[in-house]
Engineer: 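Pasting a structure below so you can have a look.
We name chains A, B, ... by the order of the sequence lines, and we start the count at 1 in each one. The basis for the numbers below is simple: all heavy atoms, side chains too, and nothing from hydrogens, waters or symmetry mates.
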There are 2 protein chains.
Amino acid sequence: MILQTMPIKDEFVSAKIKLMEERCRKNGLSLTIQRRAILENLSSRKDHPTADQIYAAIQDRVAGVSRTTVYRVLETFVQLGLAQKISNPEAKARFDADTTRHHHAACVSCEKVLDIDPSILPDIDLSKADLKGFQVFDCSVVAIGLCSDCSANGVSRSYQIN
Amino acid sequence: MILQTMPIKDEFVSAKIKLMEERCRKNGLSLTIQRRAILENLSSRKDHPTADQIYAAIQDRVAGVSRTTVYRVLETFVQLGLAQKISNPEAKARFDADTTRHHHAACVSCEKVLDIDPSILPDIDLSKADLKGFQVFDCSVVAIGLCSDCSANGVSRSYQIN
DNA sequence: GTTAATGCAAAGCATTTGCACACGT
DNA sequence: ACGTGTGCAAATGCTTTGCATTAAC
């Protein structure tokens, strides 16, 4: 008999799953194994994956899962406030289970998206700002540049400085 | 004989065109009517258009222009520092002829992208920030929310607050 | 049992690429 | 003339949709 090692889920992941259960019940949505697997994967990683990266990661856990389901489930999570779509310069949606206000740095070379420690940035308070009627739900800083790995590999900026 | 009204180009547009001429010459690139028309269109509008919106707008001026050319020319402009690709939550590239550091507000309903007056936000100084070797070329604030038009039309937030 | 979710296949957009022809210098 | 740029058509990549089947409550 094969005994599989069960990875110890960290606090964040299990709290997230609980929150999902709560919000699904409240909204009459089913608790499917796909939703569990997708949220568990998303919330345990810090690389702001694309839908496709999550799809690749859960294949072995949920046999026969489809890409379509991953897209649909992620969209549901955004609606339920369990995840956010993050703004980035690529033409690909990236997701983050951390829905608190924080910031991202996107590498123009390898397209990695990293978190920026919020403490190094000033608080952005848009509450007093005159945005001509624009209602802000959320806001974040997106930094564009080169990550340390790419700089180390000799990649340098390919476009003109203004 | 029909006399067409020639719109008076504003300062910004003509300066931009001059800069393009300069940078194209410096880099051995040709000054084509397509490049002129695309930059003239992009720099005269404030709505951060997609490649396709520019394509639609220049059709009557440059008969037979292709979508492919618009994509290629915009990419060239980014390389030359004449335009920037802006980060937004859609899976579509949007362009801005204003390459100075400024900020954007994206409407989740109509997908309009508006400029935020830079004076209402604190200066974001990443120079002292410990970004673990990440070299920042540029950074901007992206606010996500509802524009005044959509709020007025009764659209309200469709997703959960965290 | 009912309603909602999934999987599949196909369609839909945005964007890119290869190649022959046309244009700018 | 030469090299670069353009247009076309096809390909690619990400995402969405319609519909029949399956699973959750």
Engineer: With sequence neighbours left out, write down each residue that passes side chain to side chain donor-acceptor pair (under 3.5 Å) with A:Arg25, or none if nothing qualifies.
Structural biologist: none

Engineer: Taking the nucleotide of DNA chain C with the closest heavy atom to each, which residue, A:Gly28 or B:Ser30, is nearer the 5' end?
Structural biologist: A:Gly28

Engineer: Round to the nearest Å and state the distance from A:Glu75 atom CD to D:dC14 atom C1'.
Structural biologist: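 Result: 14 Å.
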
Engineer: Tell me, please, which residues at least two apart from A:Thr69 pass side chain to side chain donor-acceptor pair (under 3.5 Å).
Structural biologist: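 Result, side chain to side chain donor-acceptor pair (under 3.5 Å) vs A:Thr69: A:Ser66.
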
Engineer: Just grab all the side-chain hydrogen bond (donor to acceptor under 3.5 Å, both in side chains) pairs involving residues 29-38 of chain A, residues at least two apart or on different chains.
Structural biologist: A:Glu21-A:Arg36

Engineer: Report for the helix from C:dG1-D:dC25 to C:dT25-D:dA1: angle between first-end and last-end helix axes, five pairs each, rounded to 10 degrees.
Structural biologist: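 Computed angle between terminal axes is 40°.
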
Engineer: Are any protein N/O atoms closer than 3.5 Å to N/O atoms in nucleotides 6-8 of chain D? If there are, list each pair with its distance.
Structural biologist:
{"from": "D:dT6", "atom 1": "OP1", "to": "B:Thr32", "atom 2": "OG1", "distance (Å)": "2.8"}
{"from": "D:dT6", "atom 1": "O3'", "to": "B:Gln34", "atom 2": "NE2", "distance (Å)": "3.0"}
{"from": "D:dG7", "atom 1": "OP1", "to": "B:Gln34", "atom 2": "NE2", "distance (Å)": "3.2"}
{"from": "D:dG7", "atom 1": "OP1", "to": "B:Gly64", "atom 2": "O", "distance (Å)": "3.4"}
{"from": "D:dG7", "atom 1": "OP2", "to": "B:Ser66", "atom 2": "N", "distance (Å)": "3.1"}
{"from": "D:dG7", "atom 1": "OP2", "to": "B:Thr69", "atom 2": "OG1", "distance (Å)": "2.6"}
{"from": "D:dG7", "atom 1": "N7", "to": "B:Arg72", "atom 2": "NH2", "distance (Å)": "2.8"}
{"from": "D:dG7", "atom 1": "O6", "to": "B:Arg72", "atom 2": "NH1", "distance (Å)": "3.4"}
{"from": "D:dG7", "atom 1": "O6", "to": "B:Arg72", "atom 2": "NH2", "distance (Å)": "3.1"}

Engineer: Along DNA chain C, 5' to 3', what are the outermost nucleotides having an atom less than 4.0 Å from a heavy atom of chain A?
Structural biologist: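 Contact span on the strand: C:dA5 to C:dA9.
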
Engineer: Provide, to the nearest angstrom, the distance between the CZ atom belonging to B:Phe77 and the P atom belonging to D:dG5.
Structural biologist: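 Roughly 11 Å, once rounded to whole Å.
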
Engineer: Please report, rounded to the nearest Å, how far the C1' atom of D:dG3 is from the CG atom of B:Leu31.
Structural biologist: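 Rounding to the nearest Å, CG of B:Leu31 and C1' of D:dG3 are 15 Å apart.
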
Engineer: Verify the contact: side-chain N or O of A:Tyr71 to OP1 or OP2 of D:dT15, cut-off strictly under 4.0 Å; return yes or no.
Structural biologist: yes

Engineer: Quick check: on DNA chain C, is the nucleotide nearest B:Lys92 upstream (toward 5') of the one nearest B:Arg25, or the reverse? Name the residue that is more 5'.
Structural biologist: B:Lys92

Engineer: How close or far is atom P of D:dA24 from atom CG of A:Leu29, stated in whole angstroms?
Structural biologist: 14 Å

